[in-house]
Protein chains: 2
Amino acid sequence: MGEGPGSHADRFLKARSERASALLEDYTELIADLTAEHGEARLVDIARAMGIAHPTAAKAVSRLKREGLATSRPYRGVFLTEAGEAMAEKARIRHQLVLDLLLAIGVPAEAADLDAEGIEHHVSDETLAAFEAFLKRSGG
Amino acid sequence: MGEGPGSHADRFLKARSERASALLEDYTELIADLTAEHGEARLVDIARAMGIAHPTAAKAVSRLKREGLATSRPYRGVFLTEAGEAMAEKARIRHQLVLDLLLAIGVPAEAADLDAEGIEHHVSDETLAAFEAFLKRSGG
DNA sequence: ACAAAAATGTAGCCTTGGCTATATCTACAT
DNA sequence: ATGTAGATATAGCCAAGGCTACATTTTTGT
Ligand SMILES: [Mn+2]
Ligand SMILES: [Mn+2]
Ligand SMILES: [Mn+2]
Ligand SMILES: [Mn+2]
């Protein structure tokens, strides 16, 4: 046998790897939002926005720092590095495009808002390009 | 303040809960497939299809059993319960619909195949209905 | 029938991402 | 200025989902 490429395993491996980076993307996107809004991203605001306890947010920030996406000094806010900003920017654009596509398809706004948060992390560049093309030709 | 409903936290909570059930859905869908194809779902086939080591598959099957979705006896294959079959069926239908929608939008088949595996778990019933409506009026 | 191969089970390890409880530090109000 | 409220840090717990290494059982081929 041997299923070759395009098999079950390929799809599952991709989905798992996306699931692993989903949280980092959401954190960077959120930190960018908070920084734009309030000049800084405080741990307590991150935790509230994510709907988690603050020690969980603290751990996530540790990971962001370890991965070179953010910096922070004790008892001060969290800031994105260049790499973090880049990830946030990509995430923001993709999030918006996915949301726009759902709305264009006819998904009610409430559902589109909710679903986009999860869907975005599994949309490949190729699929994103197809979304853009669809929006362009369908949006006049 | 108080963001009220429709806030960041609501979206993230939903996405996290979907992430938690995604694996169970994929396992039930896969076990149903294997059973349909070979009359039984062997651990080794599950592991290969998922792209994981067999002890990982064994643990997952333990969880499926604990959650009432599957049964198995030592050194024998895995079988779905009624609840497991129901979950598999819903997953199968949703997976197919998501795939069809991506293709209808114009996503290349390769990318659609890969992305659908992750996206499916974040598509709400409401969004799914919108997908169906779109396909009907666009494919008719 | 029996040896070898294949499948399954099990133990033990790791990381991620949740939590609570508690300690410490900063910021704010009086 | 100082006491209190708010924010942050840290320790320690848990479950899920990965892994390798090894033991056991079943299946297969001769
Ligand atoms: Mn998201
Ligand atoms: Mn997002
Ligand atoms: Mn899937
Ligand atoms: Mn699927």
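Order of the sequence lines sets the chain letters (A, B, ...), proteins ahead of strands, with each chain counted from 1.
Here dA21(C) is the nucleotide among dT20(D), dG18(D), dA21(C) with the atom lying nearest to any side-chain atom of Pro55(A). Comparing dT16(C), dC13(D), dG9(C) by their closest approach to the side chain of His54(B) singles out dG9(C). Closest contact between the side chain of Arg76(A) and the listed nucleotides dA27(C), dA7(C), dG18(C) involves dA27(C). The nucleotide whose nearest atom lies closest to any side-chain atom of Ala53(B) is, among dT27(D), dT20(D), dG17(C), dT20(D). The side chain of Val44(B) sits closest to dA7(C) out of dA21(C), dA7(C), dA11(C). Proximity note for Arg63(A) (side chain, C-beta onward) versus dG18(C), dG18(D), dT16(C): the nearest is dT16(C).
In this structure, Ser72(A) and Lys65(A) approach most closely via the heavy-atom pair OG-NZ, 2.9 Å. Heavy atoms only, all atoms of each residue included: Val107(B) and Thr127(A) are closest at CG1-OG1, 3.4 Å. Leu24(B) and Leu64(B) make their closest contact through CD2-CD2, 3.6 Å (heavy atoms, listed as atom of the first residue, atom of the second, distance).
Distances shown here put every side-chain N or O of Thr56(B) at or beyond 4.0 Å from the OP1 or OP2 atom of dG17(D).
Exactly one residue among Arg19(B), His95(B), Arg94(B), Glu25(B) makes a side chain to side chain donor-acceptor pair (under 3.5 Å) with His121(B). That residue is Glu25(B).
Residues passing the side-chain contact (heavy atoms from CB on, under 4.5 Å) test with Ile93(B), sequence neighbours excluded: Glu89(B), Leu97(B).
Straight-line distance from the CE atom of Met50(B) to the P atom of dG17(D): 10 Å, rounded to whole Å. Between the C1' atom of dT8(D) and the CZ atom of Arg42(A) lies a distance of 11 Å, rounded to the nearest Å. Atom P of nucleotide dC14(D) and atom CD1 of Ile52(A) are separated by 21 Å, given to the nearest angstrom. Computed from coordinates, the Ile46(A) CD1 to dG18(C) P distance equals 13 Å when rounded to whole Å. dA6(C) atom C1' lies 13 Å from atom CD of Glu40(B), rounded to whole Å. The separation between Lys59(A) atom NZ and dC13(D) atom P is 12 Å, rounded to whole Å. One atom, CG of Leu43(A), and another, C1' of dT8(D), lie 7 Å apart when rounded to the nearest Å. A straight line from CG of Asp26(B) to P of dG18(D) spans 10 Å, rounded to a whole angstrom.
Using a 4.5 Å heavy-atom cutoff, the side chains of Glu120(B) and Asp26(B) are in contact.
With values rounded to the nearest 0.5 angstrom, Asp115(B) atom CG is found 11.5 Å from Arg11(A) atom CZ.
Within 4.0 Å of Arg66(B), counting heavy atoms only, lie sugar-phosphate atoms of the nucleic acid but no base atom.
Within a heavy-atom distance below 4.0 Å of DNA chain D, the residues of residues 67-75 of chain B found are Tyr75(B).
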